[in-house]
Asks: 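After the structure tokens below, expect a handful of questions from me.
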Amino acid sequence: MGAATAIFMVFVGCCSNVIFLEFLVQDEPACGNLLTFAQFVFITIEGIIFTMDFGRKKNVIPIKDYLILVVMFFLVNVTNNMAFGFKISMPLHIIFRSGGLIASIVMGVIVMGKKYSGAKYLSVFMITSGTIICTFASAEHVEEGGDASSNFLTWLSGIAILTFALFLSARMGIYQECLYTKHGKHPHEALFFIHTLSLPGFILALGSILDHARRFSQSAPLPLLAPFPILAHLPRLWIYLAGNVLTQYLCVGSVFRLTSECTALTVTLVLTLRKFMSLVFSILYFRNPFTMQHWVGTFMVFAGTLIFTDVLGKAREALARPEPRSKTE
């Protein structure tokens, strides 16, 4: 029941998180700084209470070792959320971030001198090709309407931002791996410190945060909440933001639990299927433009991800493994 609950909560938390995010960026595409700030503040408060026990629990990894990780993590999160302000659609955002394996392999080869099998390189080729196909398909829709040249340059800036975030995230993963090798794995402590130590960085975006906070406060209430007097007058964008922050916490916590309850194979399958469901929902419900080219590119990205993680091979091994004999035999 533990594994089943974890899988269910991953779908509930992560898929609903994408829905709240889509609601936010539809009204305020450039609200990335306020969104990221709210997420960081929530995790900081949660960490002070539960992870650090109001300061009574001491950190295992020294603060100075976290600082480089903090800078990279802050930039990755801010740039990923900022991309929505550059005409990047939610489906393209999901597909692009699914290409993280490309960046991981490139960084692994450059930074750590790793070597990979032919299947790994095939998967990277498929993911890269799928991402490129989807990117060019999205470019055609960006140029429609308004100043085509200005729209395209804005969109191109968004692609550059996503690419930067993708490779920086891969480099951050390598640094985090080295940190855990040296000090041992302390994921909850790391989660708390990289969010908390990143908060001063938002001073640079204070103007944007305050501006969007004002816009959020001026947004119309949700008609759905009209029967509830206490909630009836709350601005809908603040409700969407609260929903996004809470569901992100639920999503991250459920993934942590899933990794402790299930094999790596199951985790990969669940997360891949979750991304695909979020993608389909975004296309159908929010009517984001999605052509046959997008579907071809999406298939290549997800198929490449499954090849990279050798899902079929691990599944065959699991099926071929003999059942353990009972003690009564």
Asks: So, Thr291 versus His294: side-chain donor-acceptor pair below 3.5 Å or not?
Replies: yes
Asks: Heavy atoms only: give me the nearest Gly13-Cys251 pair and the separation to one decimal.
Replies: C-CB, 3.8 Å
Asks: Classify the side-chain pair Thr51/Glu189 by whether it contains a donor and acceptor separated by less than 3.5 Å.
Replies: no
Asks: Output, in order, the C-alpha distance, side-chain angles, deciding distance and verdict of ring pair (Phe, Tyr, Trp, His ring centres under 6.0 Å) for Phe50 and Phe192.
Replies: CA-CA 10 Å; Phe50 297 104; Phe192 167 72; over 10 Å; no
Asks: Mind running side chain to side chain contact (heavy atoms under 4.5 Å, CB included) on Glu22 and Ile19 for me, showing each step along the way?
Replies: CA-CA 5 Å; Glu22 183 100 45; Ile19 293 170; 5.8 Å; no
Asks: If we only count heavy atoms from C-beta on, is the Leu210 to Arg214 side-chain gap below 4.5 Å?
Replies: no
Asks: Has Ile230 got more than 12 heavy atoms of other residues, nucleotides or ligands less than 6.0 Å from its CD1?
Replies: no
Asks: For Ile161 versus Ala83, what's the shortest heavy-atom pair and its separation?
Replies: CG2-CB, 4.3 Å
Asks: Is it the case that atom CZ in Arg287 sees more than 12 heavy atoms from other parts of the structure closer than 6.0 Å?
Replies: no
Asks: Quick check for you: to the nearest 0.5 Å, what is the distance between Leu122 atom CG and Ser117 atom OG?
Replies: 9.5 Å
Asks: Please check if Ile45 and Phe54 belong to a single hydrophobic cluster, counting links between Ile, Leu, Val, Met, Phe, Trp and Tyr side chain heavy atoms closer than 4.5 Å.
Replies: yes
Asks: Give a yes or no on whether Phe299 atom CZ has more than 12 heavy-atom contacts from other residues, nucleotides or ligands under 6.0 Å away.
Replies: no
Asks: Between OG of Ser208 and CZ of Phe37, what distance do you get to the nearest 0.5 Å?
Replies: 12.0 Å
Asks: In terms of heavy-atom contacts, does CZ of Phe125 have more than 12 from other residues, nucleotides or ligands at under 6.0 Å?
Replies: no
Asks: Look up atom CG in Leu21 and atom OG in Ser16, then write down how far apart they are to the nearest 0.5 Å.
Replies: 11.5 Å
Asks: Nearest heavy-atom pair of Ile174 and Gly108: which atoms, and what distance?
Replies: CD1-N, 3.9 Å
Asks: Considering only heavy atoms from C-beta outward, does the side chain of Phe302 approach that of Lys275 to under 4.5 Å?
Replies: yes
Asks: Between His93 and Phe84, what is the ring plane arrangement, given parallel below 30°, perpendicular above 60°, and tilted in between?
Replies: parallel
Asks: Of all heavy-atom pairs between Phe40 and Ser198, which one has the smallest distance, and what is that distance?
Replies: CE2-CB, 3.4 Å
Asks: Report yes if the side chains of Phe86 and Trp155 come closer than 4.5 Å at any heavy-atom pair, otherwise no.
Replies: no
Asks: Checking Ser282 side chain against Ser278 main chain: does a donor-acceptor pair fall under 3.5 Å?
Replies: no
Asks: Checking His183 against Leu179 for the side chain to side chain contact (heavy atoms under 4.5 Å, CB included) test, could you report, in this order, the C-alpha distance in whole Å, the side-chain angles of both residues, the deciding distance, and whether it holds?
Replies: CA-CA 6 Å; His183 298 285; Leu179 208 60; 4.2 Å; yes
Asks: Between Val25 and Asn81, is there a side-chain heavy-atom distance shorter than 4.5 Å?
Replies: no
Asks: Check the pair Thr163 / Phe96 against side chain to side chain contact (heavy atoms under 4.5 Å, CB included), numbers first and verdict last.
Replies: CA-CA 8 Å; Thr163 303; Phe96 221 92; 3.5 Å; yes
Asks: Should the pair Phe23 and Tyr240 be assigned to parallel (<30°), tilted (30 to 60°) or perpendicular (>60°) ring geometry?
Replies: parallel
Asks: Side-chain contact, heavy-atom cut-off 4.5 Å: Leu234 with Leu225?
Replies: no
Asks: Search all heavy atoms of Leu237 against all heavy atoms of Glu28 and return the closest pair with its distance.
Replies: CD1-CG, 3.9 Å
Asks: Would His212 and Asn33 count as a side-chain hydrogen bond (donor to acceptor under 3.5 Å, both in side chains) here? Give the steps.
Replies: CA-CA 9 Å; His212 281 92; Asn33 288 323; over 6 Å; no
Asks: What's the spacing between Leu197 CG and Leu67 CG if we round to 0.5 Å?
Replies: 6.5 Å
Asks: Would you say the side chain of Thr298 lies within less than 4.5 Å of the side chain of Cys134, judging by non-hydrogen atoms?
Replies: yes
Asks: Should Phe216 and Pro235 count as side-chain neighbours, where that means a heavy-atom distance under 4.5 Å?
Replies: no
Asks: Distance check, rounded to the nearest 0.5 Å: Leu191 atom CG versus Thr196 atom OG1?
Replies: 9.0 Å
Asks: Do other residues, nucleotides or ligands put more than 12 heavy atoms under 6.0 Å from the CZ atom of Phe281?
Replies: yes
Asks: Taking CD1 in Ile68 as the centre, count heavy atoms belonging to other residues, nucleotides or ligands within less than 6.0 Å. Is the count above 12?
Replies: no
Asks: Got a second to check how far Phe136's CZ is from Thr131's OG1, nearest 0.5 Å?
Replies: 12.0 Å
Asks: Take Gln39 and Asn77 through the side-chain hydrogen bond (donor to acceptor under 3.5 Å, both in side chains) test and state the conclusion after the steps.
Replies: CA-CA 10 Å; Gln39 293 170 344; Asn77 279 271; over 6 Å; no
Asks: Would you name the heavy atoms of Ala165 and Asn80 that are closest together and state the gap between them?
Replies: CB-OD1, 3.6 Å
Asks: With a 4.5 Å cut-off on side-chain heavy-atom distances among I, L, V, M, F, W and Y, is there a chain of contacts connecting Leu250 to Phe42?
Replies: no
Asks: Does atom CG (Leu224) have a neighbourhood of more than 12 heavy atoms from anything else shown, all under 6.0 Å?
Replies: no
Asks: Given His195, which partner from the list Val70, Ile43, Val41 fulfils the side-chain contact (heavy atoms from CB on, under 4.5 Å) test?
Replies: Ile43
Asks: Any side-chain heavy atom of Met107 within less than 4.5 Å of one from Phe167?
Replies: yes
Asks: Are Tyr180 and Leu69 grouped together when hydrophobic residues (ILVMFWY) are joined by side-chain heavy atoms under 4.5 angstrom apart?
Replies: yes
Asks: Could you check Phe193 against Phe73 for ring pair (Phe, Tyr, Trp, His ring centres under 6.0 Å), going step by step and ending with a plain yes or no?
Replies: CA-CA 11 Å; Phe193 276 104; Phe73 185 79; over 10 Å; no
Asks: Carefully, step by step, assess Val245 and Tyr249 under the rule side chain to side chain contact (heavy atoms under 4.5 Å, CB included).
Replies: CA-CA 6 Å; Val245 170; Tyr249 176 72; 5.9 Å; no
Asks: Under 3.5 Å, side chain of Ser169 to main-chain N/O of Val76, donor-acceptor pair present?
Replies: no
Asks: Got a donor-acceptor contact below 3.5 angstrom from the Asn17 side chain to the Asn244 backbone?
Replies: yes
Asks: Between Ser129 and Met126 (side chain of the first, backbone of the second, donor and acceptor by atom type, cut-off under 3.5 Å), is there such a pair?
Replies: no
Asks: Give the cluster check for Leu199 versus Ile203: same hydrophobic cluster or not, with ILVMFWY residues linked at side-chain heavy-atom distances below 4.5 Å.
Replies: no
Asks: Would a single hydrophobic cluster contain both Phe11 and Phe8, if residues Ile, Leu, Val, Met, Phe, Trp and Tyr are joined by side-chain heavy-atom contacts under 4.5 Å?
Replies: no
Asks: Begin from the C-alpha positions of Asp27 and Arg215 and carry the test salt bridge (charged side-chain N to carboxylate O under 4.0 Å, His left out) through to its verdict.
Replies: CA-CA 10 Å; Asp27 280 12; Arg215 296 186 189 186; over 6 Å; no
